[in-house]
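Proteins get letters first, then strands, A, B, ... in listed order; numbering begins at 1 in each.
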Amino acid sequence: MAMGASKRSEPGIPGLVELPEGWQAFYAELDPKARLEMLGDLGAGEGSLPARLCRERYQMRERPLRLVDLWLWKCVYLPGLYRRRKFLRKSLTREVEGTIAELHLGDELDPRGRTELYWELRNAVRRYLSTCNGAKYASSFFGLRRASPEEKHERAAVDVWKMSRGIARAAGRERQMALWCDACKDELLEFDPRLGDSLLALDRDFAAG
Amino acid sequence: MNLNSNFVKQNAIWGVLLVEILIFAVASGGNFVTGHNLINISRQVSYYGIAAIGMTFVILIADIDLSIGSIITLVNVVCAWLMVNAGVNMWVAVLISLIMATGIGLVNAVMVAAVGIPALIATFASQTVFEGVAYLISGGRPISGFDSSFGIFARWAIADVVPICAIIMVACFALGSFILNKTYFGRYFYAIGGNEEAAELSGIRVNRVKYLIYSLSGFFAGLAGIVLLSRSGSAQSTVGKGLEFDVITCVVLGGVSVYGGVGTMSGVIAGVLIIGSLTNGMILMDVSQYTQMVVKGLVLAIAVGIDCMSKKRQAS
């Protein structure tokens, strides 16, 4: 099974360090409540980067008691924005700049911090991909025709490409969004290793206009 | 070369409209492109243009609203009945009718979002119910004889050139475009259409958004009903029959995907103009109503077919 595997694929990104004992499980867990509890068990202080990232990701400033997932929102919103990129050029740039700031992609981080950020980003994508096996995902004709598992995975590849490489290239922010793009790609390949070719094809299509 | 192909892809729908206008201009011997006929087209497209805005929102979240034809009928009958039989002031009758139409949209939303009935079945059921209600109120007879000032919504025109109903339609499209592109709700529509489960987990209250979308669909269908009543000057229990298919054709033709999450209001405007011109052109060329039905059905099938093929191509 692709999702829920306890052993996570290691990134091939230079500058990242190995995760300390116990943190693999934390980054594999998808339930926000369980993750917040695990933070305490792992001895992460309030000011630590993983704790800060979780707070920012799961808590709305206006309603701190309501658990949401603002990074998952990025995963949902960015593919839609990519599709409308021709009509919303200014909005696209503004939103991408906002995403870079909210996902801390422009922060100066040491290798440990960069590693923690990378795995947190992968966790958000992992949560998104966990919804891609749902009954309604990629269905057509107003929910009457359900998609096959293969169709769902192909659609997931398209969505993940749009929310990462696609939007970064459309906004000309590939360098700034590199860590996000790598996290998306690595998590997608863990979800279904056959989707690497789909990502390459989407890159080629984009280059061809 | 790539830039050119991109440009063609983005503007293909407007190219189709242009070709259609040219064909009808030649075939009708110039009658199609007269000022009078263009004003006529703007009047004809106004009511399903208005209804298409609500349908766009619904299809964007990968649902469908089959009840809009019967909402248009019911609004026609109720508004006319209130003015003629109950002696209610025109503006009050319009307000009551619009509230009722919005309420019907909300009932649809409750069936879809709270009860969990598939949108196709839920809105088909309400289509049947409200069509029946319209017959019960009117007794199957036309209702006419209301004040001529009710013509303000469709028959009146500014400087005898720009019909009020066209202005209403443009204003509604501007509002629809604003909702889609400039508000959080617009983002939610695309997000729910793209991946409903992820949208829910990210914190969007999906059911509440569906209540809003179906209510808006009801409201715009109600407004379309008012414009149609104003144009025809008499309420008929069959006036909205089959209108939902014209509206769906406009929306899908305009590039709103039946898979949800994809589409723009500008595309829908082009779709509305294509169907409006097609209908008008066929009338000018004396094409029978049955043949018109065949042509419109084919256009819907082609539009959906293109959508499906582009999805398949993307997947392969």
Q) Which distance, rounded to the nearest 0.5 Å, do you find between the CZ of A:R155 and the CG of B:N195? A) 7.5 Å

(Q) So for atom CZ, which belongs to A:R55, do other residues, nucleotides or ligands contribute more than 12 heavy atoms lying within a distance under 6.0 Å? (A) yes

(Q) For B:A191, which atoms come within 4.5 Å of any heavy atom of chain A: side chain, backbone, both, or neither? (A) both

Q) Are B:Y188 and A:W73 close enough that some pair of their side-chain heavy atoms sits under 4.5 Å apart? A) yes

**Q.** Region of A:A201 in contact with chain B, defined by heavy-atom distances below 4.5 Å
**A.** neither

Q.
Given heavy-atom pairs under 4.5 angstrom as the criterion, report whether the side chain, backbone, both or neither of A:R57 touches chain B.
A. neither

Q) If you count the non-hydrogen atoms of other residues, nucleotides and ligands that lie under 6.0 Å from NZ in B:K241, is the total more than 12? A) no

Q: Calculate, to the nearest 0.5 Å, the distance between atoms CZ and CG belonging to B:R187 and A:L81 respectively.
A: 8.0 Å

Q: Identify which part of B:I121 has an atom lying under 4.5 Å from any heavy atom of chain A, answering side chain, backbone, both or neither.
A: neither

Q. In Å, rounded to the nearest 0.5 Å, how long is the span from CD of B:E197 to CZ of A:R127?
A. 9.5 Å

Q | Heavy-atom closest contact (B:A198 atom, A:L72 atom, distance) | A | O-CD2, 3.5 Å

Q: Kindly compute the distance separating CZ (A:R66) from CZ (B:R205), expressed to the nearest 0.5 Å.
A: 3.5 Å

Q) Crowded around A:K185 NZ? As in, over 12 foreign heavy atoms under 6.0 Å? A) no

(Q) Less than 4.5 Å to any heavy atom of chain A: does that hold for the side chain of B:L201, its backbone, both, or neither? (A) both

Q | Under 3.5 Å side-chain donor-acceptor pair for B:S202 and A:D69 | A | no

**Q.** Side chain / backbone / both / neither for A:Y137 at chain B, heavy atoms under 4.5 Å
**A.** side chain

**Q.** Within residues 114-125 of chain B or reaching into it, pairs that qualify as side chain to side chain donor-acceptor pair (under 3.5 Å) - sequence neighbours excluded
**A.** none

